[in-house]
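See structure below.
Nothing fancy with the numbering, it's 1 onward along the sequence. The analysis underlying the following values was restricted to heavy atoms, covering all of them including side chains, and did not include hydrogens, waters or symmetry mates.
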Amino acid sequence: MDSIKVAASGLSAQTARMRVIAENMANADSAGNTPGEDPYRRKIPTFHAMLNDDLDAYEVRVGRLSYDMSDFSTRYEPGHPAADENGYVKYPNVNPLIETMDMREAQRTYEANLNVVSVSRQMLGRTLDILRG
């Protein structure tokens, strides 16, 4: 049962990670509404290991969201309401390719934790079968 609890913490962490990635992707083209306004800034989830004394094992916990402080991209769109005096509009620092790769990694990690839960349940079932005789 302990392995299931540890894997469940991993499932929860990867679910949170996928939500943040989905939010980043949804806002990848969100420019500001007024000149000089900063657009959406890419969010980065953080994780930390926390010792569970009952399990005597570490579980994964979601930490604070941090922000990617890299520069925003700019596009020349003089007719846009958020265009500066030179006609450039700031766009989020979200790279869809990076987000796609992060999503793929989160999905694979989620699946690995799900496999741990599945195998642990099978092992518990077999143990009970053996004990029943």
Side-chain angles (χ1 to χ4, degrees):
M1 291 301 290
D2 293 351
S3 61
I4 292 174
K5 290 177 182 176
V6 171
S9 75
L11 290 169
S12 177
Q14 293 309 317
T15 299
R17 181 180 179 196
M18 287 187 273
R19 281 190 195 125
V20 171
I21 293 167
E23 182 181 336
N24 287 342
M25 291 178 78
N27 288 291
D29 288 322
S30 304
N33 295 321
T34 59
E37 181 182 354
D38 282 344
Y40 176 85
R41 186 170 290 280
R42 179 177 182 253
K43 295 177 183 175
I44 304 168
T46 61
F47 304 98
H48 62 274
M50 183 175 208
L51 180 63
N52 182 326
D53 292 327
D54 295 336
L55 302 176
D56 193 31
Y58 285 94
E59 294 181 320
V60 179
R61 296 285 183 228
V62 179
R64 292 185 178 187
L65 288 177
S66 61
Y67 293 91
D68 182 348
M69 299 310 289
S70 63
D71 293 334
F72 296 117
S73 63
T74 56
R75 297 182 198 157
Y76 183 70
E77 297 178 7
H80 195 284
D84 64 12
E85 64 276 354
N86 297 322
Y88 287 94
V89 179
K90 289 187 213 175
Y91 278 92
N93 57 349
V94 176
N95 182 335
L97 182 61
I98 290 173
E99 299 303 323
T100 302
M101 293 300 104
D102 283 351
M103 181 67 83
R104 181 169 288 175
E105 181 183 352
Q107 288 171 331
R108 286 183 177 159
T109 305
Y110 185 93
E111 290 170 2
N113 281 296
L114 199 56
N115 285 336
V116 168
V117 171
S118 178
V119 169
S120 295
R121 289 182 63 204
Q122 289 173 5
M123 289 172 58
L124 284 171
R126 289 182 187 152
T127 301
L128 289 174
D129 290 342
I130 291 170
L131 291 174
R132 288 184 193 143

Heavy-atom closest pair, residues [X] and [Y]:
X     : Y     : value
Pro39 : Ala31 : CB-CA, 4.2 Å
Asn24 : Arg42 : ND2-CG, 3.6 Å
Pro35 : Pro81 : CD-O, 3.3 Å
Ser73 : Pro92 : OG-O, 3.7 Å
Val6  : Ala57 : CG2-CB, 4.0 Å
Leu65 : Pro45 : CD2-CA, 3.7 Å

Main chain of [Y], side chain of [X]: is a donor-acceptor contact present, judged purely on distance under 3.5 Å?
X      : Y      : answer
Ser120 : Val116 : yes
Arg41  : Ser70  : yes
Ser118 : Leu114 : no
Asn27  : Ser30  : no

### Message
Between Met25 and Met18, is there shared hydrophobic-cluster membership here, with clusters defined by ILVMFWY side-chain heavy atoms closer than 4.5 Å?
### Response
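In one cluster: yes.
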#### Entry: Linked, directly or transitively: Tyr110 and Met103 (ILVMFWY side chains, under 4.5 Å)
yes
Would you say the side chain of [Y] lies within less than 4.5 Å of the side chain of [X], judging by non-hydrogen atoms?
X      : Y      : result
Met1   : Leu55  : no
Tyr67  : Lys43  : yes
Tyr40  : Glu23  : yes
Asp84  : Thr74  : no
Arg17  : Asp102 : yes
Lys5   : Asp54  : no
Arg108 : Glu105 : no

### Message
Using the rule given for salt bridge (Lys or Arg N to Asp or Glu O under 4.0 Å), can you reason through Asp129 versus Arg132, listing the C-alpha separation, both sets of side-chain angles and the distance that settles it, and then say yes or no?
### Response
CA-CA 5 Å; Asp129 290 342; Arg132 288 184 193 143; 3.6 Å; yes
What is the distance from atom [atom1] of [X] to atom [atom2] of [Y], rounded to the nearest 0.5 Å?
X      : Y      : atom1 : atom2 : answer
Gln14  : Phe47  : CD    : CZ    : 5.0 Å
Ile44  : Thr46  : CD1   : OG1   : 9.5 Å
Ser3   : Met123 : OG    : CE    : 7.0 Å
Thr100 : Asn95  : OG1   : CG    : 8.5 Å
Arg75  : His80  : CZ    : NE2   : 9.0 Å
Glu59  : Met50  : CD    : CE    : 8.5 Å

### Residues Leu124, Ile4; criterion side-chain contact (heavy atoms from CB on, under 4.5 Å); working and verdict
CA-CA 11 Å; Leu124 284 171; Ile4 292 174; 4.1 Å; yes
### Within 6.0 Å of CZ in Phe72, more than 12 heavy atoms from elsewhere
yes
